[in-house]
Number of protein chains: 2
Amino acid sequence: MAKHDPSLDTVFSALGDPTRRAILERLATGPASVSDLSAPFAMAMPSFMGHLKKLEAAGLITSDKAGRVRTCALVPGAFAPARDWLSAQKDLWNARLDRFDAFVTQLAKDQSE
Amino acid sequence: MAKHDPSLDTVFSALGDPTRRAILERLATGPASVSDLSAPFAMAMPSFMGHLKKLEAAGLITSDKAGRVRTCALVPGAFAPARDWLSAQKDLWNARLDRFDAFVTQLAKDQSE
DNA sequence: TGATTACTTAGTCACATGGCTAAGCATGAT
DNA sequence: ATCATGCTTAGCCATGTGACTAAGTAATCA
C-alpha cells in the first residue's frame, strides 16, 4: 500500500460531496455538456463549475471545449486507486482476524495440554 | 443506488485526509489508545483528537474510555457503503460500455445489409 | 498527598470550501 | 450586424477545516 498517496486525498475529497457524486453518476451513462449536467441542480453556474473543476483536478473527469460548449466525460478507471485502498484496508482487517483466530486456537490448544 | 446517502458524505470526506487514512491503516492491525495512535504524528493532541472525532462521526471507528485511557477500534464493515457506491459506479460504466458496443455492432450490421 | 499521565475543553487563527452576483467574452443563430 | 447562448472570470461572503496554545479534569502512580 502506498504510504501517502496524494491522489487519494483529492479523489476521496471529491467523492465526499453529493453534488459531485451525482455528476459522476450522470456521466457514467455518457458524456454531457456543462449546461446539461447542471440542469438538475438549483445552483448558479459558477458554483457548479467549481464542482466540475474539482472532479477534473481529481482526475475523475475530463472536459473538452468545442465552440462554446464544454463536454465532460468520465475518466475510465479513475476510481481504481480509491477502490484499491479500500480493498487493501479490507485485506489488512482480514489478516488481523486470521491472526486473532490463530491466537485463540493456540490458546485453546495450550489449555488442553 | 441510494439517491443522496448522507453517510457517504462523511465517510468519503473522512477518507480524504492522509492522517485519517493512516489512522485507519493502523487500526486495521488492532485497537489502540489515543496516545499510541497519535505517537507517529507531529501534531498537538487536540488537533489529533479532531481527526478521531471525524472518523467516529463517520462511523468508521468506535472509542471507549476506560479510566483515563480512550481506546479506539475499527468498525468492521464501515467501508461497505463507500465500496458499494464505487462498485455501483463501475457497474453503471460497464452497462454503458455494453450499450455502446451493441450500438456499434448494430451499426456495422446495418451497413453490411 | 502530590506528581504524572491521558485526555479534554476553550479559545484563537489562517486558509479552504461552497455558495452568490455581476460582468466579460467568445460562438452560433437570425 | 445583432442578439442569445454557454461558459468564464472576478470578487464577495458565510461557514467549515485543521492547526495551535493554554488551561482544566480525572485517573493512576510513587
Side-chain angles (χ1 to χ4, degrees), chain A residues 4-27 30-74 82, chain B residues 4-27 30-74 82:
Chain A
H4 301 296
D5 189 338
S7 83
L8 285 179
D9 293 15
T10 55
V11 169
F12 278 128
S13 297
L15 295 179
D17 180 285
T19 300
R20 290 193 289 264
R21 285 197 307 277
I23 293 171
L24 293 171
E25 287 169 15
R26 163 66 187 81
L27 284 180
S33 73
V34 171
S35 35
D36 279 357
L37 283 175
S38 76
F41 301 94
M43 192 181 294
M45 191 58 100
S47 314
F48 188 77
M49 289 295 293
H51 287 298
L52 291 181
K53 216 168 181 179
K54 286 216 162 176
L55 288 170
E56 195 160 10
L60 293 170
I61 70 171
T62 43
S63 73
D64 194 29
K65 192 162 186 175
R68 60 189 172 179
V69 177
R70 178 172 294 278
T71 301
C72 302
L74 264 196
Chain B
H4 300 297
D5 190 337
S7 84
L8 285 178
D9 293 15
T10 55
V11 169
F12 278 128
S13 298
L15 295 178
D17 181 284
T19 300
R20 291 195 288 264
R21 285 198 306 278
I23 293 172
L24 292 171
E25 286 169 15
R26 163 67 186 78
L27 284 179
S33 72
V34 171
S35 34
D36 280 358
L37 282 175
S38 75
F41 300 94
M43 192 181 294
M45 189 62 96
S47 314
F48 189 77
M49 290 294 294
H51 288 298
L52 291 181
K53 216 169 180 178
K54 287 216 160 176
L55 287 171
E56 195 159 9
L60 293 170
I61 70 171
T62 42
S63 73
D64 195 27
K65 193 163 186 177
R68 63 189 171 179
V69 177
R70 177 172 295 277
T71 301
C72 302
L74 266 196

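Predicted model, so just to flag it, every value in this text is computed and none were measured. Every chain is numbered from 1 and lettered A, B, ... according to where its sequence line falls, protein lines coming before strand lines. Side chains included, hydrogens not; waters and symmetry mates left out as well; all remaining heavy atoms used.
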For the side chain of [X], counting heavy atoms from C-beta on, which of [options] is nearest?
X	options	value
Val69(A)	dC7(C), dG6(D), dC20(D)	dG6(D)
Met45(B)	dT17(C), dC7(C), dC20(C)	dC7(C)
Pro46(B)	dG6(D), dA22(D), dA6(C)	dA22(D)
Met49(A)	dT27(C), dT8(D), dC7(C)	dT8(D)
His51(B)	dT9(C), dG18(C), dA19(D)	dA19(D)

[atom1] of [X] versus [atom2] of [N]: gap in Å, rounded?
X	N	atom1	atom2	value
Phe48(B)	dC20(D)	CZ	P	12 Å
Arg21(A)	dG18(C)	CZ	C1'	15 Å
Asp17(A)	dA16(C)	CG	P	18 Å
Lys53(A)	dT8(D)	NZ	C1'	9 Å
Met43(B)	dC20(D)	CE	C1'	11 Å
Glu56(B)	dC7(C)	CD	P	13 Å
Asp9(B)	dT17(C)	CG	C1'	14 Å
Leu52(B)	dG18(D)	CG	C1'	14 Å

Search all heavy atoms of [X] against all heavy atoms of [Y] and return the closest pair with its distance.
X	Y	value
Gly30(B)	Arg26(B)	O-NH1, 3.1 Å
Leu15(B)	Phe12(A)	O-CD1, 3.5 Å
Ser47(A)	Met43(A)	CB-CG, 3.5 Å
Ala32(B)	Leu27(B)	N-CD2, 3.9 Å

Looking only at side-chain N and O atoms, does [X] come under 4.0 Å of OP1 or OP2 in [N]?
X	N	value
Lys65(B)	dA6(C)	no
Arg68(B)	dT4(C)	no
Ser35(B)	dC7(C)	yes

For Gly67(B), which contact category applies under a 4.0 Å heavy-atom criterion: base, sugar-phosphate, or nothing? sugar-phosphate
Sugar-phosphate only, base, or nothing, as touched by Ser47(A) at under 4.0 Å among non-hydrogen atoms: base
Comparing Ala66(A) with Thr19(A), nearest DNA chain C nucleotide closer to 5' gives the residue Thr19(A)
Atom CG in Leu55(B), atom CZ in Arg21(B): separation rounded to 0.5 Å? 11.0 Å
